[in-house]
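Have a look at the structure below, then the notes.
Order of appearance sets the numbers: ligands from 1, and atoms from 1 within every ligand. Owing to the predicted nature of the structure, the values given are computational and were not obtained by experimental measurement.
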Amino acid sequence: MIGKTTRLARLFREDGRSVVIALDHGQFNGAMPGLEDMPSIVLRVVDGGADGIILNPGALERSAASYAGRCALIVRVTGASTDANPCFDYHRQILTVERAVAVGADAVIAMGFLGGPGEAASLALLAEIGESCARWGMPLVAEMLIADPKKFHDVPSIALGARVAYELGADVVKAYGGGEPTFADIPRSCPVPVLVAGGAKSENLAEMARQAVKRGAAGVAFGRTVFGTANPTDAVRALVEAVHGKGG
Ligand code: 5RP
């Protein structure tokens with residue numbers, strides 16, 4: 001377990017919390033506003049004090065100078081499905097865990113889908129990746145999504161997903177629901193740290209992060225609400241203060 005312990009210590013600070021910025025949307029949505037120049041956006045969020053970033057394998061080479069030695073790297077290992085695919089819960093493995101070790105990753109992230117036709121394949125893949133992660137000492141972040149978009153923020157469904165991810169070998173869970181008053185039910189049902197995902201927009205990012213942490217989240221993993229703003233560096237600074245406290 002020493003590999004996982006060492007890598008997780010690069011992702012989570014001593015307070016057990018982490019501010020992760022997701023910059024991996026290009027694989028699914030193309031060049032979204034804010035993600036046109038990857039080395040530049042990576043540098044801006046790292047300058048804000050992000051503890052970790054999520055990148056796709058292809059973005060690593062050109063962005064490494066912006067993050068290496070300054071913040072933890074979480075590499076996405078599932079995908080192969082774009083917004084153009086009507087089967088929302090179709091994901092396949094796009095990178096081996098062995099290769100993630102070779103590129104210097106501190107963790108890998110894989111999707112897990114609940115409640116749709118792709119559930120069994122997706123959860124079986126999550127477990128398979130979990131097995132490789134155990135072999136390579138690589139932490140597994142499971143991003144649990146509910147297949148029915150109407151239930152994206154449904155706390156009981158997300159709590160089920162979080163627990164299933166833990167049972168299948170995840171070391172960290174990334175999930176929606178941070179804005180819900182009952183959010184505490186999610187970390188309560190899941191023994192591993194839960195990072196709150198952002199969504200398309202939030203009126204007050206830092207406040208949502210503060211509330212989620214108060215309700216048991218180990219931090220945030222926000223994307224669009226950070227890279228889509230005029231000043232991503234300031235947005236990250238505000239999140240760092242909300243998650244780690246003043247001077248954090
Ligand atoms: C890419 C992702 C993101 O990592 C996830 O959705 C978090 O980003 P956001 O805060 O924008 O929801 O899965 O598609």
Side-chain angles (χ1 to χ4, degrees), residues 11 18-35 38 41-42 44-45 48 50-60 63 71-85 87-95 105 107-114 118 122 125-126 129 140-147 149 151-153 158 161-162 165 170 172-180 183 186 194-209 212 217-229 232 235-236 238-239 242-243:
L11 179 59
S18 189
V19 172
V20 172
I21 307 302
L23 301 170
D24 58 327
H25 301 55
Q27 188 199 161
F28 311 105
N29 315 103
M32 297 184 83
L35 292 183
M38 288 302 292
I41 184 63
V42 169
R44 293 173 86 181
V45 305
D51 299 307
I53 49 171
I54 303 175
L55 292 178
N56 288 305
L60 302 180
S63 309
C71 105
L73 171 67
I74 304 172
V75 180
R76 188 167 283 285
V77 294
T78 58
S81 181
T82 71
D83 263 8
N85 185 349
C87 303
F88 170 72
D89 58 1
Y90 177 104
H91 267 227
R92 295 293 182 268
Q93 189 162 359
I94 57 162
L95 193 81
V108 297
I109 184 163
M111 293 284 197
F113 294 98
L114 252 79
S122 147
L125 180 59
L126 195 62
I129 293 170
L140 170 62
V141 182
E143 178 166 354
M144 302 308 287
L145 290 176
I146 312 306
K151 288 191 161 181
F152 257 31
H153 297 266
I158 301 167
V172 179
V173 168
K174 174 178 178 230
Y176 286 108
E180 304 300 317
F183 175 82
I186 301 169
V194 177
L195 296 174
V196 176
K201 51 177 177 251
S202 164
E203 291 311 310
N204 189 343
L205 263 197
E207 186 50 28
M208 177 175 158
V220 299
F222 287 173
R224 290 164 285 181
T225 45
V226 171
F227 66 71
T229 57
V236 177
L239 288 175
V243 169

The protein heavy atom nearest to atom 14 (O) of ligand 1 is Phe28 CD1, 3.2 Å
Geometry only, no angles: is Tyr176 polar-contacting ligand 1 at N/O separations under 3.5 Å? yes
If the contact criterion is a heavy-atom separation under 4.0 Å, does Asp24 count as touching ligand 1? yes
Quick one: look up the protein heavy atom nearest atom 4 (O) of ligand 1 and list residue, atom name and how far away it is. Lys174 NZ, 2.6 Å
Return yes if a side-chain donor-acceptor contact under 3.5 Å exists between Asp24 and Asn56, otherwise no. no
re atom 8 (O) of ligand 1, the protein heavy-atom contact at minimum distance is His25 NE2, 3.1 Å
Residue and atom name of the nearest protein heavy atom (relative to atom 10 (O) of ligand 1), distance in Å to one decimal: Gly223 N, 2.8 Å
Has ligand 1 got any nitrogen or oxygen that is less than 3.5 angstrom from a nitrogen or oxygen of Ile54? no
Heteroatom distance test (Arg224, ligand 1): nitrogen or oxygen, under 3.5 angstrom: yes
Looking at ligand 1, does any of its N/O atoms fall within less than 3.5 Å of an N/O of Ala22? no
Where's the contact between Met32 and ligand 1, heavy-atom distance under 4.0 Å: side chain, backbone, both or neither? neither
Could you tell me the residue and atom name of the protein heavy atom closest to atom 13 (O) of ligand 1, and the distance to it rounded to 0.1 Å? Glu143 OE2, 3.0 Å
Determine whether a donor-acceptor pair (N or O, by modelled atom type, separation under 3.5 Å) exists between the side chain of Ser63 and the backbone of Leu60. no
Relative to Phe227, does Arg224 satisfy both conditions: NZ or CZ under 6.0 angstrom from the six-membered ring centre, and within 45 degrees of the ring's axis? no
Under 30°, 30 to 60°, or over 60°: which ring-plane class applies to Phe28 and His91, parallel, tilted or perpendicular? parallel
